[in-house]
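Keep in mind it's a predicted model, so treat the numbers as computed, not measured. This chain uses plain numbering: 1 for the first residue, then up along the sequence.
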Amino acid sequence: MQRYFIETAIENARISGEDARHIERVMRMKQGDKIVVVAQNTAHICTIEEFDNDEVVIEATGQTIPSPELPIQVTVACGLPKGDKLELITQKATELGMFALLPFEAERSIVKWDKKKGVKKQERLQKIAKEAAEQAHRTHIPVVFEPIGFKQLLQQIDLFDAVFIADEEDAKAEERTRFADKLKNIDDKKSKSMLIIFGPEGGISRQESEALIQAGAQTMSLGPRILRAETAPLYALSAISYEFE
């Protein structure tokens, strides 16, 4: 069944806009067909009652689908990468269970966020997250935040139960601190939120790493190989999924 998100309660709900057009014109659904509607983080099986102008009137059947969300909310903070890598990270990290995406302007970020074009780019990233959440049958659409500065990132540390930095210097060390071991140490059912931080191409600078550690972050090693900026978050999310699910 097709899945759609709405921002209202399920009672007397209607689907409008692009999703309504998709139901009627692309999927060519008819009255009586069933769809999955996610309202307030719960997936409901609903029946299409009627098509009212540009809206689809639905009725909940009373049946719900169990949530597939990670038991811990993982926010990905990534230094602004080049090209369309942020779109790839948004899409694939959403499929892997990311809770939110927090881009930041890192010391080694080559790309600078264009404030004039930023709103449209952020809207596009949010749309990519929505479509990926539908495809992955999620009950939460990750929020894609506007990029922040590094000082602002430091101020976010205290908002999370656990914070990790992907540091390539750790990967180069003969005795690495395995990410799996660190995850086992926090898998105590008390940690509800996690921030994982990644640099852009070139990685996190020594100054940034030291500042983050002083603020309370831990380093994590993602194996002996150096991963691309767009690959590292996906590796970490996969490891978190393996440990917590």
Side-chain angles (χ1 to χ4, degrees), residues 41 69-82 85-87 89-90 93-94 96-126 128-129 140-171 177 179 182-183 185-188 190-222 227 229-230 232-237 239-240 244:
N41 297 322
E69 297 300 323
L70 281 170
I72 187 167
Q73 296 179 351
V74 183
T75 295
V76 175
C78 58
L80 287 174
K82 296 185 293 184
K85 292 178 182 178
L86 201 55
E87 294 184 4
I89 293 170
T90 300
T94 296
L96 289 168
M98 174 181 71
F99 184 77
L101 179 65
L102 181 62
F104 69 96
E105 296 176 350
E107 182 179 324
R108 294 175 179 170
S109 287
I110 297 173
V111 173
K112 301 301 179 184
W113 188 260
D114 188 334
K115 295 289 185 181
K116 294 181 180 179
K117 300 178 181 178
V119 174
K120 287 187 177 181
K121 187 168 184 178
Q122 188 179 2
E123 288 176 350
R124 172 166 172 72
L125 291 172
Q126 193 64 66
I128 289 172
H140 169 76
I141 302 173
V143 177
V144 180
F145 291 101
E146 181 181 0
I148 61 176
F150 183 74
K151 289 183 179 179
Q152 291 174 291
L153 178 63
L154 287 174
Q155 295 170 357
Q156 301 290 314
I157 302 296
D158 291 338
L159 302 178
F160 297 87
D161 296 324
V163 180
F164 293 100
I165 322 161
D167 192 339
E168 66 179 48
E169 294 303 318
D170 196 322
T177 54
F179 188 34
K182 292 196 172 183
L183 288 177
N185 291 335
I186 67 166
D187 189 7
D188 54 9
K190 294 180 182 178
S191 297
K192 300 300 181 184
S193 63
M194 183 189 299
L195 177 67
I196 49 178
I197 304 170
F198 306 87
E201 298 83 359
I204 293 280
S205 73
R206 294 299 86 217
Q207 184 176 349
E208 289 171 330
S209 179
E210 290 171 6
L212 287 166
I213 292 171
Q214 288 179 4
Q218 305 178 58
T219 59
M220 61 177 173
S221 171
L222 303 181
L227 304 178
E230 68 272 29
L234 310 184
Y235 182 112
L237 283 166
I240 293 168
F244 285 87

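- Rounding to the nearest 0.5 Å gives a distance of 11.5 Å between CD1 of I141 and CE of M98.
- If you take CG on L195 and OG1 on T75, they are separated by 6.0 Å, rounding to the nearest 0.5 Å.
- A side-chain donor-acceptor contact under 3.5 Å links K182 to the backbone of T219.
- Contact detail for A166 and I204: the closest heavy-atom pair is O-CG1, 4.1 Å.
- Across every non-hydrogen atom of A106 and G79, the tightest pair is CB-CA, 4.1 Å.
- Taking CZ from F244 and CD1 from I72, the interatomic distance works out to 4.5 Å, rounded to the nearest 0.5 Å.
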Decide yes or no on side chain to side chain contact (heavy atoms under 4.5 Å, CB included) for L153 and I197, but give the supporting numbers first. CA-CA 9 Å; L153 178 63; I197 304 170; 4.2 Å; yes

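- The two residues V76 and P233 come nearest to each other via the heavy atoms CG1-CB, 4.1 Å.
- By the side-chain contact (heavy atoms from CB on, under 4.5 Å) test, E87 pairs with D84, R124, L125, I128, sequence neighbours left out.
- Nearest heavy-atom pair across L96 and L70 is O-CD1, 4.0 Å.
- Residues D158 and V163 fail the side-chain proximity criterion, which asks for heavy atoms closer than 4.5 Å.
- At distances below 3.5 Å, at least one donor-acceptor pair connects side-chain atoms of T94 with backbone N or O atoms of T90.
- In this structure E208 satisfies the salt bridge (charged side-chain N to carboxylate O under 4.0 Å, His left out) test with no other residue, sequence neighbours excluded.
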For a side chain to side chain contact (heavy atoms under 4.5 Å, CB included) check, start with the C-alpha distance between M194 and I240, then their side-chain angles and the critical distance, and finish with the verdict. CA-CA 10 Å; M194 183 189 299; I240 293 168; 3.6 Å; yes

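- Using a 4.5 Å heavy-atom threshold, the side chains of P81 and E201 count as touching.
- Side chain of Q122 to main chain of V144: a donor-acceptor pair is present (N/O by atom type, distance under 3.5 Å, no hydrogens or angles).
- Checked by atom type and distance alone, the side chain of Q152 pairs as donor or acceptor with a backbone atom of G149 at under 3.5 Å.
- Rounded to the nearest 0.5 Å, atoms CG (L234) and CG (L227) are 9.5 Å apart.
- In this structure, F164 and F179 have perpendicular ring planes: the angle between them is above 60°, well past the 30° mark.
- The backbone N or O of S205 sits nowhere less than 3.5 Å from a side-chain atom of E107 that would complete a donor-acceptor pair.
- With values rounded to the nearest 0.5 angstrom, C78 atom SG is found 11.5 Å from K85 atom NZ.
- Side chain of H140 to backbone of F99: a donor-acceptor contact under 3.5 angstrom is found.
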In sequence, state the C-alpha distance, the side-chain angles, and the governing distance for L80 and K112, and then conclude on side chain to side chain contact (heavy atoms under 4.5 Å, CB included). CA-CA 7 Å; L80 287 174; K112 301 301 179 184; over 6 Å; no

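- Closest approach of P142 to A129, counting heavy atoms only: O-CB, 3.9 Å.
- The shortest distance between side-chain heavy atoms of F160 and Q73 does not fall below 4.5 Å.
- Considering only heavy atoms from C-beta on, E105 comes within 4.5 Å of W113 through its side chain.
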For L101 and F145: C-alpha separation, side-chain torsions, deciding distance, then whether side chain to side chain contact (heavy atoms under 4.5 Å, CB included) applies. CA-CA 6 Å; L101 179 65; F145 291 101; over 6 Å; no

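- Partners of F198 under the ring pair (Phe, Tyr, Trp, His ring centres under 6.0 Å) rule, at least two apart in sequence or in another chain, do not exist in this structure.
- With hydrogens and angles ignored, the 3.5 Å screen pairs a side-chain donor or acceptor of S193 with a backbone N or O of D161.
- The main-chain N or O of G97 is never found under 3.5 Å from a side-chain atom of E69 such that the two would form a donor-acceptor pair.
- Interatomic distance, CD of E210 versus CG of D167, reported as 10.0 Å (0.5 Å rounding).
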